[in-house]
Amino acid sequence: MASIIFFLLLALSFTASAQRQTNITLGSSLTPITNSSWLSPSGLYAFGFFRQRDGYSIGVFLSGISLKTVVWAARRDDAPVPSNATLLFTSDGRVVLTSAQGSRTSIVSASQPASLASMSDSGNFVLYNSDREIIWQSFDHPTDTLLPTQQLRAGAELVSPVSETELSTGIYRLKMQTDGNLVQYPVNTPDTATYAYFASGTNGDDVTLNLDPDGRLYLLNSTGFNIKNIADGGYPTKETINIMKLDADGIFRLYSQNLTLNGNWSAVWNSTRDKCQPKGSCGLNGYCVVKDQEAECICLPGFKFVTQGNWTSGCERDFDAESCKDKNGSSAYTMEELSNIAWEDVSYSVLSSTTKDNSFGSFLMIFLLMLMPVKLFPTLSHVSRLWLEN
Ligand SMILES: *[C@@H]1O[C@H](CO)[C@@H](O)[C@H](O)[C@H]1NC(C)=O
Ligand SMILES: *[C@@H]1O[C@H](CO)[C@@H](O)[C@H](O)[C@H]1NC(C)=O
Ligand SMILES: *[C@@H]1O[C@H](CO)[C@@H](O)[C@H](O)[C@H]1NC(C)=O
Ligand SMILES: *[C@@H]1O[C@H](CO)[C@@H](O)[C@H](O)[C@H]1NC(C)=O
Ligand SMILES: *[C@@H]1O[C@H](CO)[C@@H](O)[C@H](O)[C@H]1NC(C)=O
Ligand SMILES: *[C@@H]1O[C@H](CO)[C@@H](O)[C@H](O)[C@H]1NC(C)=O
Ligand SMILES: *[C@@H]1O[C@H](CO)[C@@H](O)[C@H](O)[C@H]1NC(C)=O
Ligand SMILES: *[C@@H]1O[C@H](CO)[C@@H](O)[C@H](O)[C@H]1NC(C)=O
Ligand SMILES: *[C@@H]1O[C@H](CO)[C@@H](O)[C@H](O)[C@H]1NC(C)=O
């Protein structure tokens, strides 16, 4: 009963004043076990230590719900720290993580010393200088999540996590380009159309991606006009929180949670139904098929997974080149038909064979370059991808 009242209060105060903040003064500190976070006034958000794998990481998370949800992570690719680490807001205005041995790691990259920090009810962790000007805020350095009232500015991007539980950098990104187009690419690819798998098709200078509390996800141009709704929103806001996240599978979704029920997040909207749309999930020599609404990677005939269970590692030849030579010592090839497959790039040769009856419609003859080492196409490993058209 007490917890129900707590969450009601929490939800009400959240919707009432998202701008309230908890001030954190110079010299404050946190440790993973006791005093592990600084709560926003409503208690909905917190900045501090959260458990990850065998240790602790630093970030902003929803603390007022049973399933802790991390919405921003500091130095997401750093290894978690043990329980004897300390987070310090130093007297000279820096936020540093200190190990028991005494080594120090800066958590934020502010250009000048801070004189005050704050955790707001909107989920933003902010540093101010002595003139009370904002010098750094977590909202400007998003990881994989966009919160209501947070903007993804021109030039910024969200990067997917490795998995639902492993928050370090994954393989997809959603970029708010400076040309006004909101585009998804695999990581480590240039911002060119060849690699894109989602685009809003908009343009303009200083376009921003915005999320309203009701889940409306939209693009504003520099004069504040809505140039496109990505998601129409209209989801309940009373006692409910709606957030947007770029998931490990490369699809971005809106998640909703009824704070009074304190249950699970439910996905209310997604950027695509096609789980094979994100490019590169299958790695080299693999292709994606949707099976029971889930994406699955399959190796081309004659190939097997480099690492079983790791699709991004791709597929390699499961025979040696010698077996392609016939008794006379000359080369022989196997040709196999893969129907209803679309090639995403030109890293394979496609032959129209005259030796096979193709009167039943179009099909692709895939000429597997059996004598050619697979490693000839390493740079294409993130983009070779096929999909089933039917
Ligand atoms: C926190 O600091 C800001 C800026 O100095 C101030 O306006 C606000 O009243 C403070 N809030 C609390 C709860 O002390
Ligand atoms: C937690 O922090 C508060 C305020 O900074 C302090 O009064 C309290 O003693 C700390 N508790 C522990 C267990 O360190
Ligand atoms: C801190 O904890 C780690 C892991 O438990 C341990 O290896 C290390 O010796 C500890 N350091 C100190 C100074 O206690
Ligand atoms: C923003 O969009 C509005 C409506 O389409 C348009 O009139 C205005 O010129 C745009 N602003 C810029 C800076 O492009
Ligand atoms: C949230 O759950 C409470 C308790 O079941 C219910 O009364 C309320 O209508 C729900 N709110 C929404 C927006 O679904
Ligand atoms: C939340 O999801 C987990 C796993 O999907 C399930 O076991 C649990 O019962 C769910 N909890 C609620 C309150 O729906
Ligand atoms: C995506 O959302 C649509 C409704 O908008 C739903 O029908 C579909 O099942 C969802 N797909 C996934 C993969 O979540
Ligand atoms: C899967 O393979 C890729 C490429 O070889 C590697 O970078 C990644 O760490 C592997 N992932 C897992 C979970 O082992
Ligand atoms: C080897 O070459 C001979 C003569 O050209 C040919 O008759 C025979 O079929 C070839 N054998 C194989 C296995 O291709």
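Counting starts at 1 for both ligands and their atoms, following the listed order. As a basis for the values below, the full set of heavy atoms in this structure was taken, side chains included, without hydrogen atoms, waters or symmetry mates. Here, residue 1 is the first one in the sequence, and each next residue gets the next number.
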(message) Both conditions, 6.0 Å and 45 degrees, for the charged tip of Arg94 above the ring of Phe89: are they met here?
(response) no
(request) Flag the pair Arg216 and Asp232 as a salt bridge only when some basic side-chain nitrogen lies within less than 4.0 angstrom of an acidic carboxylate oxygen. (result) no
(message) Between Arg253 and Asp249, does any side-chain N to carboxylate O distance fall below 4.0 Å?
(response) yes
(request) Could I get the full list of salt bridge (charged side-chain N to carboxylate O under 4.0 Å, His left out) partners for Glu164, not counting sequence neighbours? (result) none
(request) Run the numbers for me: atoms of ligand 3, each under 4.0 Å from some heavy atom of Pro82, listed by number. (result) 2 (O), 3 (C), 4 (C)
Can a side-chain donor-acceptor contact be found between [Y] and [X] if the only test is distance below 3.5 angstrom?
| X | Y | answer |
| --- | --- | --- |
| Gln308 | Asn310 | no |
| Arg132 | Ser115 | yes |
| Tyr197 | Gln277 | no |

(request) Give the atoms of ligand 8, by number and element, whose distance to some non-hydrogen atom of Thr312 is under 4.0 Å. (result) 1 (C), 2 (O), 3 (C)
(request) Provide the number and element of each atom of ligand 8 under 4.0 Å from a heavy atom of Asn310. (result) 1 (C), 2 (O), 3 (C), 8 (C), 10 (C), 11 (N), 12 (C), 14 (O)
(message) Any heavy atom of Thr307 closer to ligand 8 than 4.0 angstrom?
(response) no
(request) Any chance you could lay out the side chain to side chain donor-acceptor pair (under 3.5 Å) test for Asp205 and Ser222, step after step, and finish with the verdict? (result) CA-CA 6 Å; Asp205 291 334; Ser222 57; over 6 Å; no
(request) Could you pull out every protein residue that has a heavy atom closer than 4.0 Å to ligand 4, ordered by chain and then number? (result) Asn221, Ser222, Thr223, Phe225
